[in-house]
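Each chain gets a letter, A, B and so on, in the order the sequences are listed, and its residues count up from 1.
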Amino acid sequence: MRSTDHRASPEAPSREAPPRRDFLREKVAEDAASGRFGRPIHTRFPPEPNGFLHIGHAKSICLNFGVAREFAGRCNLRFDDTNPTTEDIRYVEAIRDDVRWLGFTWDDERFASDYFERLYEIAEMLVGAGKAYVDSQSEEAIRERRGTVTVPGTPSPYRERPVEENLGLLRRMRAGEFPDGTHVLRARIDMAHPNMLMRDPLLLRIRHASHYRRGSAWCVYPLYDFAHGLSDAFEGITHSFCTLEFKDNRELYQWLVREAGFERPPEQTEFARLELDYTVLSKRKLLRLVTDGHVTGWDDPRMPTIAGLRRRGVTPEAIRAFADRIGVARSDARIELATFEHAVRDDLNMRVPRVMAVLRPLKLVITNWPEGQVDMLDAPLYPHDVPLTGSRPVPFGRELWIERDDFMEDPPRKFFRLAPGREVRLRYGYLVTCTDVVKNAAGEVAEVRATYDPATRGGDAPDGRRVQGTIHWVSAAHAVAAEVRLYDRLFSVPEPDAVPEGQDFIASLNPESLVTIRGARIEPSIAADPPGTRNQFERTGYFMSDPLDSRPGALVYNRTVALRDSWAKVKDK
RNA sequence: UGGCCCUUCGUCCAAUGGCAGGACAGCGGACUUUGGAUCCGUUAAUGGAGGUUCGAAUCCUCCAGGGCCAACCA
């Protein structure tokens with residue numbers, strides 16, 4: 001139906017700026033120049049497969065893959081799957097999909113769970129060197145004896161167990177002779193260390209649980225600190241980027257890779273995690289939204305997950321541009337939603353075809369238009385300032401739908417739309433002047449009547465008169481009905497994480513984060529579009545037909561982002 | 001016996017001892033067949049006090065404010 005369909009080409013011309021130099025890249029550049037690692041730059045993105053990736057992960061993905069590309073290095077995708085009770089292959093698959101969709105390709109795919117054997121060998125080595133011991137205290141006792149930030153810990157009564165006894169116990173732990181929680185392997189460092197992480201950190205714990213990849217091959221599982229740095233070292237990672245809250249872990253990271261004998265071990269550097277206004281970015285909270293049914297799933301378009309943003313219609317280019325714009329630094333950063341929305345609009349503006357859709361229809365009858373006559377107008381798919389071409393036919397008839405908001409019976413001075421006695425332009429169509437208002441029994445406006453000027457086909461007046469307002473419309477006889485889902489911020493407060501004492505973050509959920517409109521009317525040119533098609537509904541916003549719920553004859557559109565609305569400001573004055 | 005980190009326009013990021021700059025947001029204007037986009041203009045910041053220096057956002061000291069750490073989570 002379209003004379004040209006640019007929507008078939010998914011890639012818009014690259015508008016991405018060269019990557020900026022942040023403190024991490026400065027450091028990598030230095031290390032690359034000095035050849036300090038004696039191997040190519042190597043990064044990794046290390047998600048735990050216990051949930052879906054979100055926009056905060058996207059920042060990390062862009063960083064790790066970006067650095068690898070910029071410095072001609074490599075980047076691994078490593079699943080940090082050391083906790084059998086929370087992880088699932090389903091999350092592994094979702095994470096792969098999301099990273100690929102974002103536009104990145106990993107060099108090697110690795111799993112921490114493939115390193116269990118090597119980690120266990122290192123555990124035995126540490127025991128042999130007197131650097132680790134088996135502690136048989138209860139979980140509570142271990143916690144209590146760790147001390148507090150201001151009080152030193154006290155050594156475990158098992159801390160001085162002979163090497164041979166430790167080794168025997170460790171082997172029996174590994175062999176499955178002990179129930180959960182009876183023994184743990186701890187590093188022997190310093191129970192009075194000012195850094196809590198260094199107070200004899202736990203290395204291995206017993207978990208008689210089936211691992212989604214290793215099945216029941218193992219019943220001792222490494223903890224994060226034991227697994228992470230050593231996994232980096234196994235893979236020859238040079239730069240291990242993580243978020244600020246791991247700063248204290250760095251000391252332990254270094255202790256472990258040195259004790260394990262790595263000559264030029266990877267180096268951890270921390271950067272600020274992303275915080276976004278009006279949303280939460282903790283997996284625990286996102287999981288709760290899903291399991292408690294506050295959203296329809298991990299891919300609910302209101303979720304800040306990659307899957308949610310994708311289903312909402314956000315493009316990978318927009319997410320990458322956003323990541324580039326916000327930069328990487330070491331101070332806690334909270335990003336305004338406007339910054340993200342700008343990146344989305346900026347990308348969509350240049351690549352998405354325009355169509356007309358009326359969300360809340362009001363009947364407009366052109367009284368001087370001949371009954372039954374249809375005028376096929378040719379309307380461009382892109383505005384004058386977007387360098388793409390193409391057009392589609394749009395039928396015009398006697399009865400049209402216009403937006404309820406585009407008519408006011410008693411308008412303020414600056415209202416440029418339709419009102420009794422006023423003339424407006426019907427986009428790509430004719431100039432019309434409102435003559436009558438028809439009301440229903442309740443006194444509500446049920447129909448508006450107007451006359452059109454036959455000399456203004458296309459929207460220009462030959463006499464040069466200026467018409468300030470242009471409104472969108474669809475032909476009532478040709479319109480396609482659709483469901484439109486208007487998504488808004490998930491929370492009504494900028495910092496849902498900052499919950500007042502004794503309150504639940506769920507309480508600040510925005511009750512209007514989804515407004516479903518069932519009787520929307522859209523111009524017929526979109527009728528055969530496949531699910532997942534993006535359009536701008538002129539004057540309203542950017543939309544994408546839902547990849548799962550939309551089908552021919554029962555179209556469903558998700559609002560990706562509204563257009564900037566400067567009228568909203570004028571209106572409030 | 002606490003340790004560590006952070007602090008530059010409203011927000012985010014630069015300035016690496018030498019004119020505090022960019023982006024988003026805001027405001028004003030131009031243009032406009034999207035109250036969109038674009039273009040132009042503009043408001044707006046070095047947390048405080050000392051010190052070093054010809055010169056400090058940058059180095060030092062102290063103070064203030066914020067953050068992280070006391071899961072057999074990552």
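Checked against rC12(B), rA14(B), rG35(B), the side chain of A329(A) finds its nearest nucleotide in rA14(B). Comparing rC12(B), rA74(B), rU34(B) by their nearest atom to the side chain of R205(A) picks out rA74(B). Ranking rG36(B), rC24(B), rC72(B) by closeness to the E336(A) side chain, first place goes to rC24(B).
The P atoms of rG10(B) and rG17(B) are separated by 27 Å, rounded to the nearest whole Å. The same atom, C1', is picked in rC24(B) and in rA44(B); the two are 14 Å apart, to the nearest Å. With P as the reference atom, rC69(B) and rA56(B) are 39 Å apart, rounded to whole Å. Atom P of rG36(B) sits at a distance of 11 Å from the matching atom of rG26(B), rounded to the whole Å.
Side-chain contact check for R273(A) and T243(A): no donor-acceptor pair (N or O, by modelled atom type) lies under 3.5 Å. Judged by distance alone, the side chains of D460(A) and T456(A) never bring a donor and an acceptor atom under 3.5 Å apart. Looking at R250(A) and T269(A), their side chains never bring a donor and an acceptor atom within 3.5 Å of each other. Residues R44(A) and S240(A) bring a donor and an acceptor atom of their side chains to less than 3.5 Å of each other.
Phosphate proximity of rG35(B) to R539(A): present, with a side-chain N or O under 4.0 Å from OP1 or OP2. Contact annotation: T150(A) does not reach the phosphate of rG3(B) (side-chain N/O to OP1 or OP2, under 4.0 Å).
One atom, OH of Y158(A), and another, P of rC72(B), lie 17 Å apart when rounded to the nearest Å. Following rounding to the nearest Å, F322(A) (CZ) and rC12(B) (C1') show an atom-to-atom distance of 9 Å. In this structure, the CD atom of E538(A) is 13 Å from the C1' atom of rG35(B), given to the nearest Å. Going from atom NE2 of H54(A) over to atom C1' of rA74(B) covers 12 Å, rounded to whole Å.
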>> Please evaluate residues F116(A) and Y221(A) with respect to the criterion ring-ring contact (aromatic ring centres under 6.0 Å, His included), reporting the C-alpha separation (whole Å), side-chain torsions for both, the decisive distance (0.1 Å), and the verdict.
In response: CA-CA 8 Å; F116(A) 288 167; Y221(A) 292 92; 5.6 Å; yes
>> Go through it in stages, so that I can follow the logic: the residues are N50(A) and K283(A), the test is side chain to side chain contact (heavy atoms under 4.5 Å, CB included), and I'd like the CA-CA distance, side-chain angles, deciding distance and then a yes or no.
In response: CA-CA 8 Å; N50(A) 67 346; K283(A) 276 200 200 166; 2.7 Å; yes
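RNA chain B contains the following stems of three or more consecutive Watson-Crick or G-U pairs, with both distances under 3.5 Å: B:2-7 with B:64-69, B:10-13 with B:21-24, B:26-30 with B:38-42, B:47-51 with B:59-63.
Salt-bridge annotation for E423(A) and R465(A): present, with a side-chain N of the basic residue lying under 4.0 Å from a carboxylate O of the acidic one. One finds no salt bridge joining R360(A) and E403(A) here, because no Lys/Arg side-chain nitrogen approaches an Asp/Glu carboxylate oxygen to under 4.0 Å.
Distance alone, capped at 3.5 Å, places no donor-acceptor pair between the N76(A) side chain and the R78(A) backbone.
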> Going 5' to 3' along nucleotides 66-71 of chain B, which nucleotides have protein heavy atoms under 4.0 Å from the base (write B), which only from the sugar-phosphate (write S), and which from neither (write -)?
Replying inline: -SBBBS
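For rG35(B), the base has no donor-acceptor partner in the side chain of Q468(A) [N/O atoms by modelled type, under 3.5 angstrom].
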Just the atom pairs and distances: protein N or O near nucleotides 37-41 of chain B's N or O, under 3.5 Å.
unit_1, atom_1, unit_2, atom_2, d
rA37(B), OP2, R564(A), NH1, 3.2
rA37(B), O2', N349(A), ND2, 3.1
rA37(B), N3, D385(A), OD2, 2.5

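With RNA chain B read from its 5' end, the first of the two nearest nucleotides for G459(A) and I206(A) is the one closest to G459(A).
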